[in-house]
Every structure is written in structure tokens, then in C-alpha cells.
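Following: one structure in C-alpha cells, then a few remarks.
Counting starts at 1 for both ligands and their atoms, in listed order. What you see is a predicted model, and the numbers here were worked out from it, not measured in a lab.
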Amino acid sequence: MSSQTIPVDPFDYVVFGGTGDLAERKLLPALYHRQIAGQLSEPTRIIGASRSELDDEGFRSFAREALKQHIKDDEFDEPQISQFLQRLHYVSVDATSDRGWDNLSTLLKSGEDRVRAFYLAVGPSLFGEISERIRGHKLIHDRTRVVVEKPIGRDLATAQALNDTIGQVFAEEQIFRIDHYLGKETVQNLMALRFANALYEPLWNSAHIDHVQITVAESVGLEGRAGYYDKAGALRDMVQNHMLQLLCLVAMEAPPSAAAEAVRDEKLKVLRALRPIDAGNASKMTVRGQYRAGASAGGAVKGYLDELGDADSNTETFVAIKAEIENWRWAGVPFYMRTGKRMAERASEIVINFKPIPHSIFSASAGHVIANQLVIRLQPDEGVKQWIMIKDPGPGGMRLKHVPLDMSFAQSFGVRNPDAYERLLMDVIRCNQTLFMRRDEVEAAWQWVDPILKAWEETAQPCQGYTAGTSGPTNAIALIERDGRTWHESR
Ligand code: BG6
């Protein structure tokens, strides 16, 4: 079975930071995959823009290498590659001076009628200057959009300042704030599961759900991003954005439609209903961890401090939080979140734990009745498992068994699972904001995160060490077990 691809209008994607890491690992491969899928219309161009002194050919060689590294061998199709490379152009521009901007302007003039997207794959400190120069050189027309990546600030105040800066040049409808988790196939499937089935929604509340777990475990460490990561830490890097977005999609009310404003209004209400965590309860509701030397991804790995080269860092590489949503639907239903680097394996999932049956009619010999669980697996092995009780088949009386109704997407549909960026890059061209964060969402998320950061600082909440290759510090286990629950281990 193949999915249907609807071509998008011709566009010019201008990628600032065109020779950077994000362009190399994600953006160029994603755009190439969209070409193979037949989604790009003519004439479409991808314009690399950065300080490096390159020409079109130099950028094409860079892109060819990037594709070689980051797509599968059997996807490297020479005729497709050369067609793709022909779309690529390069302009050497300086974000902090006028150098090169006239060349960019001339190039874009030859595509006035196309959708024009500026992707700011650069550090946030350059967002303001680039936006100003885009405006100053009159590069904005009525089909222009701008795409920005996290980190959008490091607290509420800096996020507001950044949003103000971009907002002075672009209208909110033109600003696409990427949270790549929203582009993941299974995350979108969560919306389908909840709102395209009659089955779950009546049970989706505190009367039937005991608690929710959201785990995003990574096996990687710093990956050469020490400078950024040590100043951020897991709370800013993963919770403020990805984890809270997942929580919102699980917890939000049914929006009246899938339109961007409808969905984002509902997510915002969830963020605003989160019970504050501050110095008064942070030590009870949060756990910070930092990995020590151990083994991960098949080999010995250094501890965080060694990898960083700074013995004094107190940055958390793991965080676990018990979050509570103060509204009618979720009162009394904790949302346990945990995320960390250098954990046992890369595994991300959302687990909805239903309440136990009120009374068992079966005798003790039938076995224990285990409460239903819905496991939404984000990565790897995307899919959904609904764990239910059945009778163990065969003679010998009633014996109960806990088994999954298993829907592994790759097996069921036999289609390649697209990278999140493929969907998101095309949504920018289609001008569909549903899977992008609105300004008030980003700020509401910071509003909840800021007091946690402040509490950690004020109370000097320590990081507990955990051995690389394990499932995090013991305090994180205690966080959930003292409520009489346990973390779900992927099976
Ligand atoms: C990024 C974080 O936003 O998400 C990284 O900055 C993290 O630290 C990454 O590794 C995880 O993304 P994915 O898609 O690999 O789960």
C-alpha cells in the first residue's frame, strides 16, 4: 500500500545555515525524499545561504556528500540525485552585514511568483539580524514564511524577546516554529487514534485512566553539542518543547477541527492548567540526573563530565517529572515524564494506564487481572499496542493472559516511515500551521518551566548520578514507585 502524495506549489527555500549540521543531516535529505515522492513541482529551488565562500557547484558537492551520509544506499538514485542537485543554488551572505544580500535579492527576483520560505537554521542570536535584513532588502512578499528552530529562548523573558524580534518583521501567520516531535508519524497518529475512533474518547479521563507515562530515552550523549547542551540541560532541551507537546496532545480536549488555531487553542489550555512546580514542591515532583561512565550502544562510554571536559558542571542530562493537570478531565491523574541521554536504549513512548477492573469474577487460579494499557511507541518500531486480558487458548480451564493487540506501522502498511522534517517542510509550503507552535504556546510552556529552573537553583537541587546504559537514577524510580506505580519497560 502506498501513501498518496499531493504536489505542493513551486517554492524557493532559502536555508540560512545552509552548510550547517541541520541542513546536512535533516533538511537536505528530507527535501530529497520529497522529490523522490513526486511532491516538488517545477520550478522549485533550494538556496543555501551562509558565510562560507561557496558557489552553486560547491554547495551541490556538499549536498551530494550529505545525501550519501544520511540516506539509505538504495535511496541514492543517480538520476534523482542529479535532478535534485540542479535545484540547489548558493549565495554567500553575512547575517551581520550587508555582504551578499544583493545577490540573494537578485536570485529571488527570478522567482517572485513562488512560495518563499526562509529557514533560519542558525543560532537564535542571529534571528533578529537576519529578519531585519530580509525586510530591509524587501524580500518579503505575500507568500513568504519564516521557519525557526528551538531553542526559542532559555526562559520566558528571553523567549518573549526573541518572539518580539521576529514578530517585528513577520506576522504570526508567517512564523513557523518547529518542534520536530510534532512531525513524527506516531505523534500524528495519536490525533487519529483519539479523534478518528469512538472507542477511546469516552474512556479518556480521570474516571478510567489511572496515570500516563511519557518517556523519551536516548542512547546518545553530547554528540559534539557540548557548548549548547551544557547551558541548556534536559529540562530546557527536551521537556519545555517536545515532552510538553506530547503531553498536550494526550491531554487536550477534542478541538472542533484539525485547523491550526483550533488545535493550538486546546494545547494552550492544557499548558495553562499545569499545576505549578516551584521551590515548595520541586524536590518531590522532579528528579535531576547526570550520567556517569558506563556502557551504551554496545561500547564503553565516558561520563558526562569527562565527555564535557568540565568536572564542575551541574547540568542535568536526565529529568523525571510528575506533572498534574488541574482541570475536570485530568484531576488526580498524574502524568509522569522522563527523558535522558545515555540511557539503556533509544526508546520513546507514551503509555496510557487504564484503571483496574472494579471486581474480578475469576478465581485466583485464573491468574491476576492486569489493567489495560495503551502503548503508543514513537521510536524506534513505531506503532500502537493495546494490552488486554484474554483467555489463554487451549483446554485446562480458565487461565488469563495479558497480550497486546499489536499494530506495528511498518509491518501493517509496508511504507517507509518519513522523517518528521519531510512533513514539516512541506507544511510550511502549504501554509499549514497545525504542527507548529504558536507564540503563546511556547511562552506558556516557559511559564511552567521557569519556576522549576528557579527552584532547582534556589534549593540547589542536586543531580543524582546514573550509570550510562541504564534507565536513569534510582530517585526517578522512587518518584513513581512511592505512588504505588512503576515505569513501563518496553517489551
Ligand atoms: C533535539 C534535542 O531537539 O531532539 C536533542 O536538542 C535530542 O538533544 C533530539 O537528541 C532528539 O530527537 P529525536 O528525533 O532523535 O528523538
Side-chain angles (χ1 to χ4, degrees), residues 17 20-27 29-30 33 69-71 119-124 147-154 159 176-190 214-247 249 288-291 296-297 301 304 307-308 313 315-319 337-350 376-383 409 416-425 435-437 441-442 445-446 449 468 472 490:
D21 187 55
L22 185 70
E24 180 195 326
R25 285 188 308 114
K26 293 290 183 185
L27 307 183
H33 276 123
Q69 293 288 323
H70 300 285
I71 62 174
Y119 199 119
L120 308 192
V122 293
V147 189
V148 291
E149 279 273 342
K150 63 177 268 273
I152 300 178
R154 49 177 290 105
F176 287 72
R177 296 181 190 82
I178 287 216
D179 183 315
H180 77 280
Y181 267 58
L182 293 180
K184 288 186 190 276
E185 197 65 14
T186 324
V187 176
Q188 293 169 61
N189 234 310
L190 179 57
I214 303 176
T215 297
V216 177
E218 298 188 89
S219 56
V220 294
L222 277 174
E223 294 185 294
R225 299 159 76 221
Y228 153 75
Y229 193 85
D230 195 54
K231 288 200 194 74
L235 184 65
R236 289 189 176 94
D237 186 49
M238 295 295 289
V239 178
Q240 187 273 342
N241 36 76
H242 309 323
M243 307 280 288
L244 284 181
Q245 286 292 324
L246 296 180
L247 177 143
L249 291 177
R288 308 177 71 220
Q290 192 185 69
Y291 60 84
S296 183
V301 293
Y304 178 73
E307 198 177 334
L308 183 71
S313 172
T315 299
E316 79 285 354
T317 61
F318 174 99
V319 62
M337 297 188 275
R338 61 177 170 165
T339 181
K341 298 224 179 263
R342 287 279 189 239
M343 298 189 59
E345 53 170 353
R346 177 172 186 251
S348 302
E349 58 187 23
I350 299 169
I376 301 153
R377 175 95 169 171
L378 268 50
Q379 57 196 23
D381 316 323
E382 296 80 358
F409 297 145
R416 185 184 69 88
N417 200 359
D419 185 76
Y421 280 91
E422 293 182 42
R423 165 77 195 249
L424 297 175
L425 286 169
L435 300 177
F436 295 81
M437 293 179 299
E441 274 183 87
V442 175
W446 278 121
V449 164
S490 8

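A distance limit of 4.0 angstrom between heavy atoms and ligand 1 selects the residues Lys150, His180, Tyr181, Lys184, Glu218, Arg225, Asp237, Met238, His242, Lys341, Arg346, Gln379.
Looking at heavy atoms from C-beta onward, Phe176 lies out of side-chain contact with Val148 at the 4.5 angstrom threshold. Counting heavy atoms from C-beta on, the side chains of Lys150 and His180 never come closer than 4.5 Å.
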Walk me through it: do Gln290 and Ser313 pass the test side chain to side chain contact (heavy atoms under 4.5 Å, CB included)?
CA-CA 10 Å; Gln290 192 185 69; Ser313 172; 4.2 Å; yes
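Ring geometry for His242 versus Tyr181: interplanar angle under 30°, hence parallel rather than tilted (30 to 60°).
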Return all side-chain donor-acceptor pairs below 3.5 angstrom for residues 214-223, not counting sequence neighbours, or 'none' if the list is empty.
unit_1	atom_1	unit_2	atom_2	d
Thr215	OG1	Arg338	NE	3.0
Glu218	OE2	Lys341	NZ	2.8

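In this structure, Arg423 contributes its side chain and Gly183 its backbone to no donor-acceptor pair below 3.5 Å.
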